[in-house]
Amino acid sequence: QARLVESGGGSVQTGGSLRLSCAASEDIFKNSCMGWFRQAPGQEREGVAGISTRGVVSTYLRSVEGRFTISRDNLNNTLYLQMNNLKPEDTAMYYCAADTSSGACYRALASDLYSVWGQGTQVTVSS
């Protein structure tokens with residue numbers, strides 16, 4: 001049974017927007033630091049954004065600061081990533097992930113901390 005399910009990916013032109021969602025099972029969502037990661041073909045996976053359990057602390061990859069916003073709905077166990085002013089270099093498979101060992105997100109962009117991963121949703125930005 002899938003525990004993290006992403007949706008919302010698609011194809012947009014440069015400058016466009018997308019909102020990614022990640023539906024999570026309650027048992028892994030409520031006490032976990034949650035993060036978004038991405039991986040482009042031939043490149044390593046990189047952390048895009050992370051958010052603490054109560055949404056107080058959020059962290060962003062420098063190249064997306066000011067354009068992307070991570071948020072979470074703890075009542076509905078859903079993680080979001082609002083992506084504005086998209087650029088071709090944002091093209092990648094986007095994954096949500098849960099760090100079930102901590103809700104603090106001290107190293108929110110470190111993929112090795114995350115133990116549960118979704119299957120990913122593709123984002124393609126054309127110039």
Side-chain angles (χ1 to χ4, degrees):
Q1 182 178 357
R3 304 173 76 189
L4 294 176
V5 180
E6 303 95 334
S7 61
S11 297
V12 297
Q13 293 187 328
T14 297
S17 298
L18 286 172
R19 189 192 195 200
L20 305 184
S21 299
C22 174
S25 57
E26 182 178 5
D27 61 333
I28 65 168
F29 188 81
K30 63 181 180 180
N31 293 319
S32 297
C33 168
M34 298 295 298
W36 285 101
F37 292 79
R38 67 186 182 187
Q39 188 168 20
Q43 297 187 21
E44 293 188 354
R45 183 169 54 192
E46 64 179 354
V48 176
I51 188 167
S52 60
T53 303
R54 297 184 182 275
V56 174
V57 177
S58 57
T59 306
Y60 295 93
L61 180 68
R62 180 167 293 185
S63 63
V64 308
E65 281 184 333
R67 300 188 298 121
F68 291 10
T69 303
I70 189 171
S71 62
R72 62 191 295 162
D73 179 349
N74 287 342
L75 291 178
N76 294 299
N77 302 316
T78 304
L79 180 71
Y80 299 101
L81 185 68
Q82 177 67 44
M83 305 186 295
N84 298 327
N85 191 21
L86 282 160
K87 304 176 181 181
E89 51 264 42
D90 296 317
T91 295
M93 184 72 78
Y94 283 71
Y95 301 88
C96 72
D99 174 8
T100 59
S101 69
S102 172
C105 282
Y106 291 124
R107 293 196 296 127
L109 303 186
S111 61
D112 60 302
L113 297 182
Y114 292 80
S115 56
V116 184
W117 294 81
Q119 294 299 306
T121 186
Q122 177 67 38
V123 172
T124 303
V125 185
S126 58
S127 57

**Message:** For a quick test of reading the model, state the closest non-hydrogen atom pair linking Ala104 to Ser102 and the distance between them.
**Reply:**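 What the structure gives for the nearest pair is N-OG, 3.0 Å.
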**Prompt:** Relative to Trp117, does Arg45 satisfy both conditions: NZ or CZ under 6.0 angstrom from the six-membered ring centre, and within 45 degrees of the ring's axis?
**Reply:**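 The answer is yes, since Arg45 meets both limits relative to Trp117.
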**Asked** Under the 6.0 Å and 45° cation-pi test, does Arg38 pair with Tyr95?
**Response**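 That pair does not qualify as a cation-pi contact.
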Do [X] and [Y] sit in one hydrophobic cluster, given that two such residues count as connected whenever their side-chain heavy atoms are within less than 4.5 Å of each other, even indirectly?
{"X": "Leu113", "Y": "Tyr60", "result": "no"}
{"X": "Phe37", "Y": "Leu86", "result": "no"}
{"X": "Val123", "Y": "Trp36", "result": "yes"}
{"X": "Leu4", "Y": "Leu81", "result": "yes"}
{"X": "Ile28", "Y": "Tyr114", "result": "no"}

**Results of side-chain hydrogen bond (donor to acceptor under 3.5 Å, both in side chains) for Ser115 - residues two or more places apart only** =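 With neighbours one apart ignored, the set is Thr100.
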Does any N or O in the side chain of [X] come within less than 3.5 Å of the main-chain N or O of [Y], such that one atom is a donor and the other an acceptor?
{"X": "Ser32", "Y": "Met34", "answer": "no"}
{"X": "Asn74", "Y": "Thr53", "answer": "yes"}
{"X": "Gln39", "Y": "Gln43", "answer": "yes"}
{"X": "Arg67", "Y": "Asn85", "answer": "yes"}
{"X": "Ser52", "Y": "Val57", "answer": "yes"}

**Prompt:** Do Asn77 and Arg72 have side chains that get closer than 4.5 Å, going by heavy atoms?
**Reply:**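 SC-SC contact between Asn77 and Arg72 ruled out.
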**Asked** Should Met83 and Val48 count as side-chain neighbours, where that means a heavy-atom distance under 4.5 Å?
**Response**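 Side chain of Met83 against side chain of Val48, heavy atoms only: no contact under 4.5 Å found.
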**Prompt:** Between Thr78 and Asn76, do the side chains contain an N or O donor and an N or O acceptor separated by less than 3.5 Å?
**Reply:**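 There is no such pair between these side chains.
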**Request:** With rounding to the nearest 0.5 Å, note down the distance linking CE in Met93 to CD in Glu6.
**Result:**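 Rounded to the nearest 0.5 Å, the CE-CD separation comes to 9.0 Å.
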**Item:** Rounded distance (nearest 0.5 Å) linking atom SG of Cys96 with atom CZ of Phe29
**Value:**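 Taking SG in Cys96 and CZ in Phe29, the distance rounds to 9.0 Å.
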**Asked** Should the pair Phe68 and Tyr94 be assigned to parallel (<30°), tilted (30 to 60°) or perpendicular (>60°) ring geometry?
**Response**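 Tilted: the ring planes of Phe68 and Tyr94 meet at 30° to 60°.
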**Request:** Step through the shown structure and confirm whether more than 12 heavy atoms of other residues, nucleotides or ligands are within 6.0 Å of CD on Gln119.
**Result:**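 Open.
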**Message:** For Asp99 and Ser101: C-alpha separation, side-chain torsions, deciding distance, then whether side chain to side chain donor-acceptor pair (under 3.5 Å) applies.
**Reply:** CA-CA 6 Å; Asp99 174 8; Ser101 69; 2.6 Å; yes
Distance-only check: which donor-acceptor pairs under 3.5 Å involve side-chain atoms of residues 13-21, not counting sequence neighbours?
from	atom 1	to	atom 2	distance (Å)
Thr14	OG1	Ser126	O	3.0
Ser17	OG	Asn84	OD1	3.0

